[in-house]
Amino acid sequence: MGIHQPHLTPDAVTGELNYLLDDGTRPVNYAYLREDGLPQRIGTVQPTRVTIHNARLLARPPLLDEQGFQRVEQPSAVSDLQDEQQVRERYYAEADALIRQATGAVKTVIFDHTIRIDEPGREANGLREPVRYVHNDQTERSAIRRVRDHLPAEEAEQRLRKRFAIINLWRPIGGPVFTTPLAVCDASSIEAADFIPSDLVYRDKVGETFALRANSQHRWYYFPQLRPEEALLLKIYDSRTDIAARAGAHTAFDDPTTPDDAPPRRSIELRALVFFDE
């Protein structure tokens with residue numbers, strides 16, 4: 001069936017997700033292209049077939065503080081989300097308002113964004129590929145460091161005494177997502193021991209993220225054919241300890257129902273510190 005025709009979506013699909021084999025070796029990811037063909041990742045991948053449910057069919061829509069992800073229906077007024085100037089001058093402000101409205105936060109600090117495209121030659125245009133391994137972008141240590149990196153020292157210490165979170169805003173660009181859609185794990189199904197700290201190496205610093213080990217209790221979801229008029233909020237970290245979803249996980253995956261003539265996925269993800277007055 002062609003991509004321009006209505007495309008029925010199933011209740012669930014089976015996908016192969018790349019977890020990390022927990023063999024005691026600390027994983028390392030490099031944020032830049034290493035010289036001489038050295039590997040970009042150190043760590044043993046454990047491909048695992050899982051059921052990924054259609055989140056559109058849930059009787060109760062998932063929420064940030066319960067499942068760790070939430071769909072919002074709000075088109076962007078930015079004409080070109082691949083234009084760096086438009087993104088920084090207009091989309092950041094738009095995202096700030098969206099996140100505050102969705103969460104009740106009193107302040108956000110958007111600290112970066114990434115555009116991804118699932119086709120060859122993207123590197124020449126400064127674009128990155130979808131991430132095909134199960135991960136979370138921040139640990140507690142790196143989340144706290146983010147606050148101190150992006151706020152004046154006195155304000156950072158004041159904000160750290162109250163609740164803060166890191167939330168990603170993920171949106172398709174140009175058309176619905178058919179290839180390499182985003183799978184999101186229900187945060188309430190993840191055990192603390194499933195998170196494995198990983199080094200994220202930049203040319204000038206070393207950050208810290210989480211890989212995840214496989215757990216049959218994980219519940220996975222996706223939103224088939226997510227449109228540019230929709231966006232996903234993803235819980236990366238939350239300092240509040242009495243909620244079900246403090247940190248989730250996500251990954252791109254190959255959807256077996258993708259039409260052969262589907263266009264490559266284009267998406268933008270934006271990362272924000274989110275502060276609360278509680």
Side-chain angles (χ1 to χ4, degrees), residues 55 60-74 91-114 131 134-171 182-192 194-198 200 207-212 218-219 221 223 230-251 267-278:
R60 188 166 176 267
L63 298 173
L64 269 177
D65 289 348
E66 296 182 17
Q67 288 79 30
F69 61 96
Q70 185 171 326
R71 186 191 71 90
V72 292
E73 181 93 20
Q74 184 169 316
Y91 191 55
Y92 276 26
E94 187 178 271
D96 171 89
L98 187 158
I99 294 170
R100 284 189 289 110
Q101 180 179 15
T103 63
V106 296
K107 177 175 181 171
T108 76
V109 176
I110 296 166
F111 56 86
D112 71 9
H113 72 277
T114 302
V131 178
V134 181
H135 67 286
N136 176 293
D137 296 345
Q138 305 283 338
T139 64
E140 181 172 30
R141 184 174 73 172
S142 62
I144 291 172
R145 189 172 77 176
R146 281 285 182 190
V147 176
R148 291 179 171 144
D149 284 348
H150 297 288
L151 289 180
E154 183 176 350
E155 182 184 358
E157 298 313 310
Q158 292 175 347
R159 296 289 184 187
L160 286 170
R161 287 196 284 269
K162 295 184 178 181
R163 181 189 180 192
F164 81 96
I166 294 180
I167 292 172
N168 287 7
L169 178 66
W170 195 97
R171 183 187 295 275
L182 193 70
V184 288
C185 188
D186 183 337
S188 68
S189 71
I190 304 175
E191 300 289 339
D194 297 337
F195 290 104
I196 303 171
S198 309
L200 179 59
E208 189 176 61
T209 64
F210 278 129
L212 276 86
H218 291 170
R219 294 188 296 273
Y221 296 92
F223 290 86
E230 305 173 280
L232 298 181
L233 295 167
L234 308 176
K235 178 77 70 70
I236 305 302
Y237 171 80
D238 199 324
S239 66
R240 184 171 170 178
T241 59
D242 62 344
I243 53 176
R246 293 192 64 202
H250 53 279
T251 179
S267 62
I268 180 170
E269 59 203 64
L270 177 150
R271 303 171 186 88
L273 290 162
V274 181
F275 300 101
F276 300 86
D277 192 18
E278 58 180 272

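What you see is a predicted model, and the numbers here were worked out from it, not measured in a lab.
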Could you report the tightest heavy-atom contact between [X] and [Y], atom names first, then the distance?
{"X": "Leu63", "Y": "Arg60", "value": "CD1-NH2, 3.8 Å"}
{"X": "Pro62", "Y": "Gln67", "value": "CA-OE1, 3.1 Å"}
{"X": "Tyr92", "Y": "Ile110", "value": "O-CD1, 3.0 Å"}
{"X": "Asp186", "Y": "Ser188", "value": "OD1-OG, 2.7 Å"}

Exercise. Got a second to check how far Leu64's CG is from Ile167's CD1, nearest 0.5 Å?
Worked result: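 One gets 5.0 Å once the value is rounded to the nearest 0.5 Å.
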Problem set entry | Value rounded to 0.5 Å, distance of CZ in Arg148 from CD in Glu155 |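 The CZ atom of Arg148 sits 13.5 Å away from the CD atom of Glu155.
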Is there side-chain contact between [X] and [Y], with heavy atoms separated by less than 4.5 Å?
{"X": "Thr209", "Y": "His135", "answer": "no"}
{"X": "Cys185", "Y": "Val134", "answer": "no"}
{"X": "Val109", "Y": "Phe275", "answer": "yes"}
{"X": "Leu234", "Y": "Glu269", "answer": "no"}
{"X": "Leu182", "Y": "Phe223", "answer": "no"}
{"X": "His218", "Y": "Leu212", "answer": "yes"}
{"X": "Pro197", "Y": "Phe210", "answer": "yes"}

For this session: Check the side chains of Arg146 and Tyr237 for a donor-acceptor pair under 3.5 angstrom, ignoring hydrogens and angles.
Result: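 Judged by distance alone, the side chains do not pair up.
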Exercise. Regarding Asn168 and His250, is there a side-chain donor-to-acceptor distance under 3.5 Å anywhere?
Worked result: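 No donor-acceptor contact under 3.5 Å links the two side chains.
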Got a donor-acceptor contact below 3.5 angstrom from the [X] side chain to the [Y] backbone?
{"X": "Asn136", "Y": "Ile236", "answer": "yes"}
{"X": "Lys235", "Y": "Ala187", "answer": "no"}
{"X": "Arg246", "Y": "Asp238", "answer": "yes"}
{"X": "Gln70", "Y": "Leu233", "answer": "no"}
{"X": "Thr108", "Y": "Ala272", "answer": "no"}
{"X": "Ser142", "Y": "Gln138", "answer": "no"}

Problem set entry | Evaluation steps, side-chain contact (heavy atoms from CB on, under 4.5 Å), between Leu169 and His113 | CA-CA 9 Å; Leu169 178 66; His113 72 277; over 6 Å; no
Exercise. So, are Asp277 and Lys107 salt-bridged, with charged N and O less than 4.0 Å apart?
Worked result: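 Looking at Asp277 and Lys107, the cut-off is not met.
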For this session: Using a strict 4.0 Å threshold on nitrogen-to-oxygen distance, state whether Glu278 and Arg240 make a salt bridge.
Result: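 Between Arg240 and Glu278 there is a salt bridge, with a charged N closer than 4.0 Å to a carboxylate O.
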For this session: Check the pair Lys162, Ser239 against side-chain contact (heavy atoms from CB on, under 4.5 Å), reporting the backbone distance first and the verdict last.
Result: CA-CA 8 Å; Lys162 295 184 178 181; Ser239 66; over 6 Å; no
For this session: Begin from the C-alpha positions of Gln158 and Leu151 and carry the test side-chain contact (heavy atoms from CB on, under 4.5 Å) through to its verdict.
Result: CA-CA 10 Å; Gln158 292 175 347; Leu151 289 180; over 6 Å; no
Exercise. Is Gln101 atom CD crowded by more than 12 heavy atoms from other residues, nucleotides or ligands, each under 6.0 Å away?
Worked result: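 Count not over threshold, so no.
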Problem set entry | Residue Glu191 excluded, over 12 heavy atoms near CD under 6.0 Å |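 Counting other residues, nucleotides and ligands, CD of Glu191 stays at 12 neighbours or fewer.
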Exercise. Run the side-chain contact (heavy atoms from CB on, under 4.5 Å) check on Asp149 and Phe111 step by step: do they pass?
Worked result: CA-CA 10 Å; Asp149 284 348; Phe111 56 86; over 6 Å; no
Exercise. Regarding Arg163 and the six-membered ring of Phe276, is the cationic atom NZ or CZ under 6.0 Å from the ring centre and inside 45° of its axis?
Worked result: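 Relative to the ring axis of Phe276, which defines the angle, Arg163 lies inside both limits.
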